[in-house]
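Below: the structure, in structure tokens.
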Amino acid sequence: MKRFLALSVLFFSALFFESGYCVTHSSTKIDLPQWKTVEGLPTIMVESHDTPLTSIMIGFPFGAYNDPKGKEGLTQFFSSMLLRGTKTRNRHEIEDELDRLGAVLRVDSGYHSSTIRGEVLNQHFEPFFNLLKDILQNTTFPEDEIQKLQKETLAALKLRFEDDKRLAKLHFQKEVYNGHPYGDDGIGDEESLKKISRQDLLDFYRAHIHRGGMVLGAAGEVNETFLKNVSKTLHDIIPEGDSSPKVIPFDSKIEPGRHVILVDKPNRTQTQFYIGHPAISVSNPDRTALTVFLTAFGGGLFQAKYMQEIRVKRGWSYGAVAGLDIRRDGGTFSMYTFPATKDTIPALALSLDLLDQALTGDLLKDSDIDFAKQYLTGSFPFKIDTPKSVVMSKIHNHYVGLPDDHIETYLERVSAVTPKMAREAAQKHLNTKNVDIVVVCTAKDLQADIKEKLNAKDVKIVPFDQL
């Protein structure tokens with residue numbers, strides 16, 4: 001195990017030396033560039049000169065949490081509209097200029113933050129940055145583009161009903177998060193999208209595009225002078241403002257018992273199901289130990305027990321995974337697989353039994369947990385193997401409230417987890433008695449037997465197209 005960890009760290013270091021920027025380590029701790037204030041802005045920069053590409057990322061502390069009641073989806077709609085016209089360029093002129101420069105520009109929004117991300121050849125950075133400044137200062141939210149985007153988004157909403165896996169996950173999230181914004185995917189619905197007006201977008205722009213909580217990231221063909229110039233320009237053109245993170249507490253309690261929700265969709269010969277319950281937030285100290293346990297139990301690996309029992313031994317499904325969806329103010333634990341209809345109730349029952357065996361029995365050996373640790377440490381370098389991915393991870397961690405050295409201490413934290421710690425974390429935070437079970441299926445095929453077979457408290461049938 002120690003030899004594997006040492007090789008992992010050496011490999012990690014080699015990746016970064018080869019890519020042109022330096023990473024050092026002490027034992028299993030990694031040293032990376034840190035946040036610093038430049039020209040009044042919090043900045044993070046990872047310099048690399050192996051390719052002539054410059055990446056820039058501007059983060060703002062607003063996301064789906066900031067959507068007004070009744071206008072859910074406003075943040076994502078606003079983010080898309082930013083690139084659809086300014087006082088000097090219409091949408092097609094913006095797209096043509098990006099094509100001419102060979103540049104990429106996008107706006108991503110989550111629950112707590114939104115990030116403008118761009119990448120361009122270093123020699124074309126000046127005209128690219130001029131375009132970006134125009135977008136930040138002079139976006140006009142043209143009425144015709146609003147109507148087009150509303151139609152496009154409504155069409156995308158309808159496509160959700162075609163994807164059974166996504167449908168199962170959306171219904172599962174709604175059940176587990178029970179009215180909390182995390183239960184929605186941030187897109188909104190037909191009613192809320194139709195209410196969004198140009199004035200809403202202008203008001204949202206004035207309320208959120210300011211320096212309060214804003215951060216700057218840069219990666220690639222960059223240096224201190226570049227960072228200082230970009231920071232100064234952004235500081236000068238973007239108005240000051242105050243911003244405190246919006247926190248919406250999540251009540252993680254679930255009504256006792258097993259609650260089955262059959263998402264009724266006609267003519268299904270295969271089902272998709274999620275089993276789970278509320279879980280920990282990102283700040284919980286048991287996060288790493290619980291992640292190690294669930295990687296051993298159902299981390300998507302062939303060696304994981306859940307995969308072995310569902311796919312390898314019984315052939316009920318091509319895959320079976322269990323894991324955490326950890327967010328700033330809460331999270332969920334879930335098990336997911338997709339058997340044939342005839343195998344669904346046995347697969348559900350076995351899933352619950354396997355987790356019970358892992359929590360209270362000897363399903364997971366110490367060697368299984370040690371293997372999971374090896375996998376997590378060995379695969380970690382590939383998650384931050386470019387300067388851009390390091391910066392994006394740093395920005396994400398900043399907005400969800402993780403420590404600044406969260407990446408640097410990852411290998412150290414995982415290697416410190418013992419099998420005893422992993423089991424104790426799982427027994428503390430996981431259970432099979434109080435769960436939501438969401439199945440996308442043809443309800444008539446399962447409803448007669450599922451309550452008795454799973455010892456469920458109740459069974460509810462909902463139409464698949466009513467989210």
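Note that the structure is a prediction, hence the values are computed from the model and not measured.
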Requested in this report: Step through it carefully: locate the ring centre of Tyr111, locate the ring centre of Tyr182, and say whether they are under 6.0 Å apart.
Outcome: yes
Query raised in the report: Angle class for the Trp35/His398 ring planes (parallel below 30°, perpendicular above 60°, tilted otherwise)?
Result: tilted
Report task. Answer with yes or no whether the side chains of Asn284 and Ser281 bring together a donor and an acceptor at under 3.5 Å. Result -> no
Report task. Fit a plane to each ring of Phe62 and His208, take the angle between them on a 0 to 90° scale, and name the class: parallel (under 30°), tilted (30 to 60°) or perpendicular (over 60°). Result -> tilted
Query raised in the report: Are Phe333 and Tyr274 close enough that their ring centres sit under 6.0 Å apart?
Result: no
Requested in this report: Would you kindly say whether Thr341 and Thr269 are connected by a side-chain donor-acceptor distance under 3.5 Å?
Outcome: no
Query raised in the report: Can you check whether Phe250 and His180 have ring centres sitting under 6.0 Å from each other?
Result: yes
Query - Neighbour count above 12 (heavy atom, 6.0 Å) for Lys457 NZ - result: yes
Query raised in the report: With a 4.5 Å limit on heavy-atom distance, are the side chains of His277 and Val176 in contact?
Result: no
Query raised in the report: Picking from Tyr336, Phe297, Trp316, Phe293, what satisfies ring-ring contact (aromatic ring centres under 6.0 Å, His included) with Tyr306?
Result: Phe297
Report task. Report yes if some heavy atom in the side chain of Lys394 is under 4.5 Å from a heavy atom in the side chain of Val46; otherwise report no. Result -> no
Query - Member of Lys420, Gln427, Lys428 meeting the side chain to side chain donor-acceptor pair (under 3.5 Å) criterion with Glu424 - result: Lys420
Report task. Determine whether more than 12 heavy atoms belonging to other residues, nucleotides or ligands lie under 6.0 Å from atom NZ of Lys246. Result -> yes
**Report entry** Check: Arg327 and Val400 side chains under 4.5 Å, non-hydrogen atoms
**Finding:** no
Report task. Would you kindly say whether Gln374 and Asp370 are connected by a side-chain donor-acceptor distance under 3.5 Å? Result -> no
Query raised in the report: Are Ser389 and Thr386 close enough that a side-chain donor and a side-chain acceptor fall under 3.5 Å?
Result: yes
Query raised in the report: Heavy-atom count around Lys148 NZ within 6.0 Å, excluding the residue itself: above 12?
Result: yes
Query raised in the report: Should the heavy atoms of other residues, nucleotides or ligands under 6.0 Å from NZ of Lys169 be counted, would the total exceed 12?
Result: no
Query - pair Met335-Val321: side-chain heavy atoms closer than 4.5 Å - result: no
Query raised in the report: Going by distance alone, is a donor N or O of one side chain under 3.5 Å from an acceptor N or O of the other, for Ser109 and Gln76?
Result: no
Requested in this report: Show the numbers, then the answer: is there a salt bridge (Lys or Arg N to Asp or Glu O under 4.0 Å) between Lys365 and Asp362?
Outcome: CA-CA 6 Å; Lys365 312 296 185 186; Asp362 60 356; 3.8 Å; yes
